[in-house]
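Encoded as structure tokens, the structure appears first; notes follow it.
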Amino acid sequence: MRRATILIIILLSVLPKVLSQENLNIAPFFSSEFFEKNGVSTLTVTGDNLKNTGIATYRSLTVTGNDEGSDQLSQAVKHDGAKAQTREVSYRDGKLYFGFYVLKPRAALNRYLLYLDRNESGERKTTLIYLEGKGDTNKIKKFLNKKDL
Amino acid sequence: MQNETYELIERYFNAETSLEEERKLRKLLAAIPSGDPLANEAKAVMGFSLCAPRKKRMLRITRRTRAWLSTAAAIAIVFTLGFFASNHYGNTPDMIYAYVNGHEITDNNEVMQMMQAELSEMAEASEYVSECIDEEWNAMREAFDQTQQ
């Protein structure tokens, strides 16, 4: 009886975390309020469109010519990156230039963040990519370097 | 008929009646009007036995049974939630779209090209960061070698 009760308590304490999307600081940037703004573009590709890549969800966000938006995005990425399992980051002039973060898996799916902050034709351009799927880090790196999908 | 009744009553009090005879006696007693002392006595005894509260059939649930039931319930919950979770997360629905400056793009090829472009930029940045790390590492190694000489 006691064992069963403990099992139920564990399930009740763990399942909400599994079933509800773990709140990432970057999540609000993928809401329509943000991505419908000027200078912002977003991509969403899921399911069969990513067949054999080890990725189930591809979401990206690019902010162009909007320093405030880019700074906010950078802050959110740094916060989420701080909780990442592994990270490869590079800073330029005190600013986050590139980041590759392996987040904690959710519902048996691996999650990755890729971030890039650069200047293009005199404009600041920040791109964030969120990947979710069963592929491991090697598979993701192969996907990154794939020329034809 | 009355003789038969008395005979059955006597046999009943002597605990010699069969179940069928008792049923018959009940019917016979029902037909006898009140006033007959022997019949009344028999009615009272039989009436008591008819009206006496039946022993409740208690479903005996031992601790062990309860523990098994709880475990079974917990397993059922896990399977139900597992089924829900696998349906919810296992099959990502096919989606492909983009928003650029608030305008929706639904052309699959265009979206895939945009994704490709983003990945290429990320790959370049990743390579650049790797090269920087290599350069730094080489510089460190050279410096280390010099101190060893």
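Residue numbering restarts at 1 for every chain, and letters A, B, ... go by the order of the sequence lines. Since the model is a prediction, treat every value here as computed from it, not as a measurement.
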Walk me through it: do A/L50 and B/M115 pass the test side-chain contact (heavy atoms from CB on, under 4.5 Å)? CA-CA 11 Å; A/L50 296 163; B/M115 186 174 91; 3.7 Å; yes
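- Between B/M95 and A/N49, the closest heavy-atom pair is O-ND2, 3.3 Å.
- Under a cut-off of 6.0 angstrom, the local environment of CD in B/E16 is crowded, with over 12 non-hydrogen atoms contributed by other residues, nucleotides or ligands.
- Both the backbone and the side chain of B/V111 come within contact range of chain A, with heavy atoms under 4.5 Å apart.
- Contacts between A/K125 and chain B at a heavy-atom distance below 4.5 Å involve the side chain alone, from C-beta outward.
- Within 6.0 Å of atom CD in B/E10, 12 or fewer heavy atoms from other residues, nucleotides or ligands are found, so the atom counts as exposed in its surroundings.
- At a cut-off of 3.5 Å, with distance as the only test, a side-chain donor of B/E118 or A/S60 sits close to an acceptor on the other residue.
- By the neighbour-count criterion of 12 heavy atoms within 6.0 Å, atom NZ of A/K78 is densely surrounded, having more than that number from other residues, nucleotides or ligands.
- For B/E104, the CD atom counts as densely surrounded, since its 6.0 Å shell holds more than 12 non-hydrogen atoms of other residues, nucleotides or ligands.
- Here the shortest heavy-atom pairing between B/M122 and A/F98 reads O-CE1, 3.8 Å.
- When each of A/A108, A/G99, A/S41 is scored by its heavy-atom pairs under 4.5 Å with chain B, the top score falls to A/S41.
- Of the possible polar contacts, none joining the B/N101 side chain to the A/N38 backbone as a donor-acceptor pair under 3.5 Å is found.
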With side-chain contact (heavy atoms from CB on, under 4.5 Å) as the test, would you mind laying out the steps for B/Y99 and A/V40 before giving the verdict? CA-CA 8 Å; B/Y99 277 87; A/V40 177; over 6 Å; no
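- For A/T57, the part lying near chain B is the side chain, with the backbone staying farther off; criterion is any non-hydrogen pair under 4.5 Å.
- Between atom OG1 of residue A/T44 and atom CD1 of residue B/I96 there is a gap of 9.5 Å, rounded to the nearest 0.5 Å.
- Residue contact with chain B, scored on non-hydrogen atoms closer than 4.5 Å, involves the backbone of A/Y115 exclusively.
- Shown here is A/Q85, whose CD atom has more than 12 heavy atoms of other residues, nucleotides or ligands within 6.0 Å.
- Looking only at side-chain heavy atoms (C-beta outward), A/Y58 and B/L119 come within less than 4.5 Å of each other.
- Of the two parts of B/E124, neither the backbone nor the side chain holds a non-hydrogen atom closer than 4.5 Å to a non-hydrogen atom of chain A.
- Shown here for A/L116 and B/E121, the closest heavy-atom pair between the two residues is CD2-O, 3.7 Å.
- Residue contact with chain B, scored on non-hydrogen atoms closer than 4.5 Å, is absent for A/T64.
- Both the backbone and the side chain of B/S126 come within less than 4.5 Å of a heavy atom of chain A.
- The environment of NZ in A/K83 is crowded: more than 12 heavy-atom neighbours from other residues, nucleotides or ligands sit within 6.0 Å.
- Heavy-atom neighbours of A/Y91 OH from other residues, nucleotides or ligands within 6.0 Å: above the threshold of 12.
- Other residues, nucleotides and ligands place no more than 12 heavy atoms under 6.0 Å from the CD atom of B/E20.
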